[in-house]
Amino acid sequence: MTLAIDVRGLSKIYGGRAVVDAIDLQVERGRIYGFLGPNGSGKTTTIRMLCGLLTPDAGEGQCLGLDFRKEAAAIKRQVGYMTQKFGLYEDLSIRENLDFIARLFELPQRRAAVDQALERLGLQSRAKQLAGSLSGGWKQRLALAACLLHSPRLLLLDEPTAGVDPKARREFWDEIHALADEGITVLVSTHYMDEAERCHELVYIAYGKILARGTEAQIIADSRLQVWSLQGDKLGPHLAALKAAPGVLSVAAFGNTVHVAGQDEALLQQALVPLLSQLPGLRCERAAANLEDVFISLIASAKDNFGGEA
Ligand SMILES: Nc1ncnc2c1ncn2[C@@H]1O[C@H](COP(=O)(O)OP(=O)(O)OP(=O)(O)O)[C@@H](O)[C@H]1O
Ligand SMILES: [Mg+2]
């Protein structure tokens, strides 16, 4: 197995608090890894340490076969990093932005590289448009074009599709898969469950610690989560009490059904008993856990273990 990222004990401390807390991260070459976790869990901090923009307080290992602490400059030349916030010049056109980046990387065939990036992301027709006047989806496309210019082997994408509509997100993900098919490794952070499902592997972080990893199916199986699906009228007023019941880790509405999840089957059933007597028409049946059930439950358990707020 060849690893594009292989780091152990990676840590970053801010104000005496480990916001990334001794994590081990292994990412196989040519695969798409989804990096998930609540706000403030340490995703951006981890990504910035991996690409050499932030110095870790502890940790060792390799990125693209290079020592990620000692050879940060060499790593940067082979990594495409897409920041969480749009980082290009709004008052430059698409082409001017790409040309500027190509100069920064001192690319020998600058014009050809820019043309190729424009074509790859379908940006030619808008090449002269100012970046600041683009919609969210086109901005993300430009940002991806910019981080592909220097032909990186590893892409670190930090919430690349936040606020982008479903069609543009789908096109973006088609492109990510095309890049992976060409052998490029991708670590991509996201809060969207449909995007998590499009990754080969997932890593879930909270409070700076990795709480789950593996394929979607592995993570769901490892969670040992039991889920009951409820269907009925007037459920709303009862949900707060249900959430507070012992053994209930997550309560979430999916359309017309409510998922109630926990690991302890007996406690879970005990929590549902009062509801069944109060709402006689309630339909209550077992359901398969989905990723969202698992992640919400993981945060609930982590809160008990680590305390604090995510
Ligand atoms: N430069 C800094 N100084 C102090 N604290 C910081 C700094 N950068 C990040 N933090 C803190 O570190 C924690 C992790 O932040 P980080 O941005 O890595 O989270 P994240 O998982 O990317 O969150 P989000 O999903 O909101 O983007 C947060 O509590 C944040 O406030
Ligand atoms: Mg972030």
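Residues take their numbers from the sequence shown, with the count starting at 1. Just so you know, ligand 1 is whichever comes first in the structure, and atom 1 is the first atom listed for that ligand. These numbers come from a predicted model, not from an experiment.
- Panel note: side chain Thr215, backbone Gln218; a donor-acceptor pair is recorded below 3.5 Å.
- Taking CZ from Arg95 and CG from Leu98, the interatomic distance works out to 8.5 Å, rounded to the nearest 0.5 Å.
- A salt bridge is defined here as a Lys NZ or Arg NE, NH1 or NH2 lying under 4.0 Å from an Asp or Glu carboxylate O, and Asp174 with Arg170 fails to meet this definition.
- Contact annotation: Asn39 places no N, O or S atom under 2.8 Å from the Mg ion (ligand 2).
- With ligand atoms numbered from 1 in the order given, ligand 1 contributes 25 (O) to contacts under 4.0 Å with heavy atoms of His191.
- The protein atom (non-hydrogen) at minimum distance from atom 17 (O) of ligand 1 is Thr44 CB, 3.7 Å.
- The single protein non-hydrogen atom nearest to atom 25 (O) of ligand 1 is Lys43 NZ, 2.7 Å, given as residue, atom name and distance.
- Taking a cut-off of under 4.0 Å to the non-hydrogen atoms of Ser41, the atoms of ligand 1 that pass are 19 (O), 20 (P), 21 (O).
- Under 4.0 angstrom from ligand 1, there are no non-hydrogen atoms of Lys85.
- The backbone N or O of Pro38 lies less than 3.5 Å from a partner atom in the side chain of Lys43, making a donor-acceptor pair.
- Taking distance alone, with nitrogen or oxygen atoms compared against 3.5 Å, Gly42 approaches ligand 1 more closely than that limit.
- Using the six-membered ring where Trp is involved, Tyr204 and Phe295 have ring planes that are parallel, under 30° apart on the 30 and 60° scheme.
- The pair Lys139-Glu90 meets the salt-bridge criterion, with a side-chain N (NZ, NE, NH1 or NH2) lying under 4.0 Å from an Asp/Glu carboxylate O.
- The Mg ion (ligand 2) does not have Thr45 among its coordinating residues (no N/O/S atom, backbone or side chain, under 2.8 Å).
- In this structure, Glu159 counts as a contact residue of ligand 1, since one of its heavy atoms falls inside 4.0 Å of the ligand.
- Under the 4.0 Å distance rule, the nearest protein heavy atom to atom 6 (C) of ligand 1 falls inside the cut-off.
- Residue Gly40 has at least one N or O atom closer than 3.5 Å to an N or O atom of ligand 1.
- Between Arg120 and Glu175 there is a salt bridge, since at least one side-chain N of the basic residue sits less than 4.0 Å from a carboxylate O of the acidic one.
- With respect to atom 12 (O) of ligand 1, the closest heavy atom belonging to the protein is Val19 CG1, 3.2 Å.
- Looking at Ile23 and Val7, their side chains never come closer than 4.5 Å, going by heavy atoms from C-beta outward.
- Ranking the protein heavy atoms by distance from atom 27 (O) of ligand 1 puts Gln84 NE2, 2.8 Å first.
- Taking the six-membered ring where tryptophan is involved, the planes of Phe105 and His150 are essentially parallel, since the angle between them stays under 30° and well short of 60°.
- Ranking the protein heavy atoms by distance from atom 26 (O) of ligand 1 puts Asn39 ND2, 2.9 Å first.
- Shortest contact from atom 31 (O) of ligand 1 to any protein heavy atom: Arg17 NH2, 4.5 Å.
- What sits closest to atom 18 (O) of ligand 1 on the protein, heavy atoms only, is Thr45 OG1, 2.5 Å.
- There is a protein heavy atom less than 4.0 angstrom from atom 1 (N) of ligand 1.
- The pair Glu265-Arg286 counts as a salt bridge, with a side-chain nitrogen and a carboxylate oxygen less than 4.0 angstrom apart.
- Asp57 contributes a side-chain N or O that, together with a main-chain N or O of Ile13, makes up a donor-acceptor pair within less than 3.5 Å.
- Annotation: atom 8 (N) of ligand 1 to nearest protein heavy atom, Tyr14 CE1, 3.4 Å.
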